[in-house]
Each structure stands twice: as structure tokens, then as C-alpha cells.
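Throughout, protein chains are lettered first and strands after them, A, B, ... in sequence-line order, and every chain is numbered starting at 1. Note that the coordinates shown come from a computational prediction; the quantities given were computed from them, not determined experimentally.
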There are 2 protein chains.
Amino acid sequence: MAALAGVSPATVSRSLSGQGNVSAQTRERVRDAARRLSYVPSPLASGLASGRTRTIGVVVPFLTRWYFGSVVSGVTRVMEAAGYDVLLYHLGSAADRDRFFARMPLARRVDGVLSLCMPLTEDHTLALRALDIPLVSVGSRMAGLPSVCIDDVAAAHAAVNHLINLGHENIAFVGGIPDDPGFGFVSSELRLRGYRSAMGAAGLAPPSALEVFGRYGIDGGATAMARLLSGARLPTAVFAEYDELAFGALWSLRRAGLAIPQDVSVVGLDDHEMAEVLDLTTVGQDAASQGSLAATMLLETLDGRSDTPPTDIVLPTELRVRGTTAPPRRGVGVVPST
Amino acid sequence: MAALAGVSPATVSRSLSGQGNVSAQTRERVRDAARRLSYVPSPLASGLASGRTRTIGVVVPFLTRWYFGSVVSGVTRVMEAAGYDVLLYHLGSAADRDRFFARMPLARRVDGVLSLCMPLTEDHTLALRALDIPLVSVGSRMAGLPSVCIDDVAAAHAAVNHLINLGHENIAFVGGIPDDPGFGFVSSELRLRGYRSAMGAAGLAPPSALEVFGRYGIDGGATAMARLLSGARLPTAVFAEYDELAFGALWSLRRAGLAIPQDVSVVGLDDHEMAEVLDLTTVGQDAASQGSLAATMLLETLDGRSDTPPTDIVLPTELRVRGTTAPPRRGVGVVPST
DNA sequence: ACTGCTCCTGGAAGCGTTTGCAGACGGGGA
DNA sequence: TCCCCGTCTGCAAACGCTTCCAGGAGCAGT
């Protein structure tokens with residue numbers, strides 16, 4: 001390459017990277033040669049020499065859940081535009097996570113890391129910190145790290161208060177539990193806490209039998225709802241930790257022949273693209289924006305424009321009332337309707 | 001590192017990689033030292049020196065569509081287990097795609113590439129080939145490349161024949177069109193072709209007004225269906241190119257007050273996780289397996305176990321009859337019911 | 001004791017960039 | 001005319017590994 005353009009490798013590097021002084025004429029000559037050879041500087045060599053890899057790592061627990069797909073999509077959009085590459089680590093289970101931290105493939109390979117809602121132990125967080133590269137957390141706040149997320153407690157409040165305002169008293173919580181113990185999401189806890197405190201604030205202390213859990217995803221929501229259906233007393237309303245669980249709950253309810261929202265109201269959290277189709281009342285969040293914002297924050301830190309100290313950005317959520325919520329049928333759930 | 005273990009860098013490399021002869025005792029000593037320092041060999045340096053990066057590139061047009069999320073999920077599972085890293089390139093538009101090929105970030109950075117259904121021009125395919133690294137195509141067959149996919153034509157046949165066997169004659173096709181011209185999927189074409197040939201084989205040559213298109217995703221399905229709803233004569237059945245379009249179509253139909261399947265039958269293709277919830281009849285495919293199979297094929301080639309010549313694996317599809325299809329109401333769609 | 005092995009280890013040459021340093025060149029001010 | 005300075009370019013030393021090659025040690029067979 002250097003030979004074809006008739007210059008030294010040093011000049012090739014300067015011409016192509018735009019760093020340092022190169023005469024316009026030389027630069028053009030080098031660019032021409034590069035084009036002719038379809039030469040691209042080796043990212044490996046470049047990274048090794050410069051210490052910057054122009055690559056970031058993204059760590060996700062799921063890919064097929066709406067929230068994560070949307071966030072990653074937002075991230076890649078920004079990174080792609082900035083000329084950064086994205087290394088994707090899909091850590092679906094505690095075992096995956098342990099292998100990941102044992103191997104630490106991120107070390108000296110990425111300039112920064114985006115951790116999406118990853119449930120991490122103390123040790124793992126320390127291991128990430130030890131990499132000594134910028135880190136941004138998306139979807140859950142991590143001590144001392146910049147983050148982008150929503151206020152999960154407030155979002156849960158909004159959902160539950162909506163039900164309470166409609167007159168519901170007997171409100172259940174449908175949550176997801178991890179496949180592996182110790183792999184639970186922070187946001188799950190927060191949403192549960194939000195549910196409890198909203199209930200408490202309304203003077204409705206729900207029995208723990210109204211808090212049911214299933215595996216992540218639609219099936220989990222269906223299973224959890226089935227548990228409620230087999231309970232002593234059917235709630236008049238259900239708040240699901242996120243929309244996919246709500247879809248599962250709806251499914252169970254329909255199969256049970258119950259009318260929604262007449263018999264049971266359901267509210268979710270996310271505003272998944274299917275929520276509108278299923279006419280699900282939900283508290284909406286903008287996942288793709290979370291991704292692009294986090295990516296932008298990370299880039300700013302990487303480019304040294306880190307004049308901003310680590311910030312926690314909290315994106316707004318908004319209740320979207322649709323057809324799965326309504327006032328409870330009078331008497332239903334309390335005494336058999338006459 | 002070498003110092004701590006009291007050996008040369010060469011021995012460190014051999015001990016950690018397992019290549020070459022090292023006494024068990026030395027190896028243990030090196031491993032200990034590595035553990036103590038939490039030392040991980042620099043992937044960049046290692047790649048530069050050895051020529052193997054232990055990284056593959058995955059190119060996808062979408063992340064938030066079920067099919068792609070599932071495939072990528074299958075891919076990462078296999079790659080993670082094999083100790084490979086995955087570089088994700090999300091090329092959502094023709095512009096993204098062009099930028100990608102201009103920058104060619106894959107060059108000298110990955111050992112292999114997985115291309116998921118990417119609509120590529122001749123030039124782009126050549127550019128990929130020029131990288132001279134193993135390439136596997138998922139979801140669409142590419143000339144001369146190993147691939148993993150389903151038989152789209154046959155799958156469409158299965159869907160349409162199901163409708164025909166139920167007695168439908170007036171069957172519409174709902175398809176997705178790309179945001180950018182020249183960014184259309186091969187599988188879309190094949191499914192359309194399958195629709196036409198199944199119709200033709202039954203002696204039902206549909207007017208082109210029965211082939212409607214919307215943007216990718218649920219919205220697109222809804223828009224396309226709306227077009228049918230505003231047409232001169234409502235079909236008694238609809239085949240949607242993939243489930244998300246079918247969901248959109250169902251949505252439109254419901255909003256229009258039509259009963260499913262009494263007024264209109266709908267069949268999709270994918271068996272998206274929501275299909276069961278919506279009770280959608282569909283032709284199922286296993287996207288995650290496609291991803292893991294393709295990843296395995298790629299790994300085999302990379303590890304030199306490429307005793308197998310480039311293969312095209314065709315995974316089976318299966319009609320899953322659910323509640324959105326039924327025989328047409330007699331007379332409906334032909335003359336107003338009396 | 002010497003030869004010929006095998007097994008283990010270290011030296012050193014890359015891999016393809018980036019970047020600090022220095023030299024060459026040319027122009028403007030004293 | 002001389003000197004200084006700014007601009008452009010090349011040299012060469014990293015960057016942190018892998019791998020070829022050679023040498024040393026230990027051992028068995030003559």
C-alpha cells in the first residue's frame with residue numbers, strides 16, 4: 001500500500017486517519033491508492049498501536065425480548081454512524097454470565113461497555129470496573145456509573161394508580177422470575193416495589209398471594225396468570241411487570257373465558273409494539289431512545305468530550321389507556337354477582 | 001506477566017493457548033500467575049500475530065423483528081460456547097448498507113461472516129467474497145455460498161393451500177415492501193411466488209389488486225389490510241408473508257368490525273411467539289435453530305473441519321392450524337349475504 | 001562415553017499500524 | 001545574506017502477542 005502510493009507507512013496512516021500534517025496532494029494520492037486496492041487499515045493493528053479499538057461491547061441478557069432488541073437497535077444506529085463497531089455479548093443465563101466473566105473477552109478489546117439491565121453480582125461489577133474503560137448502564141442504575149433508564153417505581157405507580165383510580169381494590173402483580181437464581185433484574189424488583197407502595201398508599205395492603213411470578217416472556221405471564229385463576233379469589237385487575245407478561249396474562253384470561261376488561265382489567269409496562277394491537281393499557285417507555293442516548297453518552301466520554309460528569313438520565317414514561325382496563329364490575333371479586 | 005511466572009512470553013502463549021509442548025508443571029505455574037493478575041491475552045495482539053481473530057461478523061437488516069432476533073440469539077449461543085466473539089452490524093437501510101460497504105469494517109477483523117437475509121447487490125456480494133473468509137447465508141440462499149434457510153415457496157404453498165382446501169377462492173396476499181428501493185428480501189419474493197403458484201395450480205388466478213403491500217412490521221400489515229378493506233371486493237382469506245404482517249392485518253380487520261375467521265381467514269408464516277396468543281394459523285419455522293446451525297457450519301469451516309463442501313440446509317416448516325382460519329361463509333365475498 | 005532422540009524452553013522475527021522525533025525544505029523577517 | 005520557524009515527510013520504536021528455529025536437558029541404546 002505504502003509502495004503503491006510512493007510514500008511511507010507513516011504518511012499513509014496520517015493521510016487516511018486525518019491526523020497530523022499531510023499535504024492535500026499527498027493525501028489525495030494515498031486515498032486514490034487505497035481506493036484502487038480497496039485497502040482498509042487493519043483494525044487490529046491500528047488498535048494495538050493506538051490503544052483505541054473503535055469498538056464497544058454491549059452486554060444483554062436477552063435478544064428476543066422487545067425491550068432489549070429495541071435498545072440494541074438504538075445503540076447500533078448511533079455507533080454505526082460514529083464509525084464504531086459493536087461487539088454483542090448475549091448472556092442469557094447465570095452460566096453464560098460466569099463463563100463470560102471468566103474469559104473476560106472484553107479486556108483490551110473494546111473502548112467502552114454498555115450493560116443492558118444486566119443482573120450483576122458485586123464481583124462482576126468490580127471485574128467490569130477493573131477494565132478501566134467507560135461504562136454506561138442502560139435500564140438499571142448502577143452505583144457510580146452513568147446510566148439511562150426510566151423510573152421503574154414511578155412507572156409502576158402510574159400503572160397501579162390507574163387501576164386504583166378506576167375503583168379496583170383487588171389488584172394482582174404478575175412478575176417474571178429468572179431461570180437461574182441470582183439472575184433477577186433490578187427493574188423487576190423496583191416495579192414490584194412500586195406496586196406495593198402504590199397499593200400501600202391507597203390503603204390496600206395486598207396479600208402476598210396476589211403477587212405471582214412466571215418465567216420471562218409470554219409463557220411466564222400465562223403461567224403466572226393461571227396461578228391467579230386457580231387462587232381462592234380472582235383479582236379484578238392485574239398489573240404485569242412488562243407487556244410480554246401482560247400478553248401472556250391476557251391469553252390465560254381469554255382461554256379461561258373471562259371477559260377483558262369486564263371481568264379482569266390488565267395493565268402492562270413498556271408499550272411493546274404489540275400492545276396497541278392487543279389494545280393493552282400500558283405505561284409506555286421509549287427503549288430505542290434509551291439505547292441511542294446511552295450510546296451517545298458513551299461516545300462523548302470516549303472522545304474526551306466528557307466535560308459532563310457521570311449522569312443518570314431518567315426518561316419519561318407515560319400511561320397509555322387502552323381497552324384492557326375499566327372500572328371493576330360492582331360486586332365482582334367480593335361476592336358472587338347476584 | 002511472563003516475569004511473574006518466571007518464563008518467556010513464548011511459553012506464556014503456549015501455556016495459555018494449549019498449543020505446543022509445555023510441561024504440565026510450567027503450564028500450571030503460568031495459569032496461576034494469569035489468574036492472580038487476572039491476565040487475559042490481548043485479542044488484538046493475538047489476532048494480529050496469528051491471523052485468527054476468533055470473531056465473526058453478523059450482518060442483519062433488523063433486530064426488532066422476531067425472526068432476526070431469534071436467529072441472532074441462536075448464533076450467539078453457539079459462538080459464545082465456542083469462545084468466539086460476535087460483531088453485530090445492523091444495516092437497517094440501503095444507506096446503512098452502503099456506508100457499511102464503503103467502510104468495510106469486516107476486513108481483517110473477523111474470521112467469518114453470517115449474513116442474515118441481507119438484500120445485497122451484486123457488488124456487495126462481490127465485496128464480501130473479496131474478504132476471502134468463510135461466509136454463510138441465513139434465511140436466503142446465495143449463489144455459491146453455504147446457507148441455512150427454509151423453503152419459502154413451499155411454506156407459502158402450505159399456507160395458501162390450507163386456505164384453498166378450506167374452500168377459499170378469493171385469497172389476498174399481504175406483503176412487506178422495503179423502506180428503500182433495492183432493499184427487498186429474497187424471501188419476500190419467494191413467498192409471493194409461492195402464493196401465485198399455489199393459486200395458479202388451483203386454477204385461481206388472483207387479480208393483482210389482491211396483492212397488497214405495507215412497510216415492514218405490524219403497521220405495514222395494518223396498512224396493507226386497510227388497502228384491501230377499501231377495495232372493490234373483500235377477499236375471504238388473507239395470506240401474510242410473515243406473522244407480524246398478519247398481526248397487523250388482524251388488527252385492521254378487528255377495527256373494521258369484521259369477525260375472524262367468519263368474515264375473513266388469516267394465515268401467517270413464522271410461528272412468532274405471539275402467534276399462539278393471537279390464535280393465528282401460521283406456517284412455523286424454527287429461527288433459533290437456523291441461527292445455531294449456521295453458526296455451527298461456520299465454525300466447522302473455520303476450524304478446518306470443512307470436509308463438507310458448501311451445503312444448503314433447508315429446515316422444515318409446518319402448518320399450525322389455529323383459530324384464524326375457517327371455511328368461507330357461503331356467499332360472502334361473492335354476493336351480499338341474504 | 002558417545003550418538004541420536006524427544007521434550008521443553010527461550011530468542012527473535014514478524015504481524016500492520018501509530019506516533020514521537022528529527023531532518024529537509026522553503027519562505028519571511030532582520 | 002542569515003536565521004528562525006512552520007510544514008511536510010520518513011525513520012524507527014513501540015503495541016502484545018504467535019510461531020519458527022535452535023539449543024539444552026534428559027534418556028536410552030550402542
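- A:P9 comes within 4.0 angstrom of a nucleotide base, judged by non-hydrogen atoms across all strands.
- B:V7 comes within contact range of the sugar-phosphate backbone alone, with a heavy-atom separation under 4.0 Å but no base atom that close.
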* To do: Determine, stepwise, if the pair A:H124 / A:F100 fulfils side chain to side chain contact (heavy atoms under 4.5 Å, CB included).
  => CA-CA 10 Å; A:H124 293 152; A:F100 173 81; over 6 Å; no
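- Along DNA chain C, the stretch of nucleotides lying under 4.0 Å from any heavy atom of chain A spans, 5' to 3', C:dG16 to C:dG20.
- Between the CD atom of B:Q19 and the P atom of D:dC17 there is a distance of 16 Å, rounded to whole Å.
- Applying the 4.0 Å criterion to OP1 and OP2 of D:dC17, one finds that B:S13 has every side-chain N and O outside that range.
- Partners of A:S73 under the side chain to side chain donor-acceptor pair (under 3.5 Å) rule, at least two apart in sequence or in another chain, do not exist in this structure.
- A distance of 11.0 Å separates CG of B:N21 from OG of B:S15, quoted to the nearest 0.5 Å.
- D:dT18 atom P lies 8 Å from atom CG of B:L16, rounded to whole Å.
- Between B:L48 atom CG and D:dC17 atom P the separation is 12 Å, expressed in whole Å.
- Atom CG in B:L37 sits about 15 Å away from atom C1' in D:dG16, given to the nearest Å.
- The distance from the CD1 atom of A:I133 to the OG1 atom of A:T301 is 11.5 Å, given to the nearest 0.5 Å.
- Between B:Y67 and B:F62, the ring centre distance reaches or exceeds 6.0 Å.
- Nearest nucleotide to the A:N21 side chain, out of D:dG16, D:dT19, D:dC8: D:dC8.
- Annotation: the terminal axes of the helix from C:dA1-D:dT30 to C:dA30-D:dT1 meet at 50°, where each axis is the rotation carrying the C1' atoms of four end pairs onto the next four (5 pairs per end, rounded to 10°).
- Checking B:D85 against A:Y89 by side-chain atom types alone, a donor-acceptor pair falls below 3.5 Å.
- Ranked by how close their nearest DNA chain C nucleotide is to the 5' end, B:S50 and B:S23 are led by B:S23.
- Comparing B:S42 and B:R14 along DNA chain D, the residue whose closest nucleotide (by nearest heavy atom) sits nearer the 5' end is B:S42.
- A salt bridge does not link A:R52 with A:D303: none of the charged nitrogens is closer than 4.0 Å to a carboxylate oxygen.
- OP1 or OP2 of D:dT9 sits under 4.0 Å from a side-chain N or O of A:T26.
- Using bins of under 30°, 30° to 60° and over 60° for the plane-to-plane angle, the ring pair B:F185/B:Y216 lands in the perpendicular bin.
- Place A:G47 and B:R29 on DNA chain C by their nearest nucleotides, and B:R29 ends up nearer the 5' end.
- Atom CD in A:E28 sits roughly 13 Å away from atom P in D:dT9 (whole-Å rounding).
- Contacts of A:R52 with the nucleic acid, taken as non-hydrogen atoms under 4.0 Å apart, involve only primed sugar atoms and P, OP1 or OP2.
- Between A:R54 and A:D111 no salt bridge is recorded (no basic side-chain N to carboxylate O distance below 4.0 Å).
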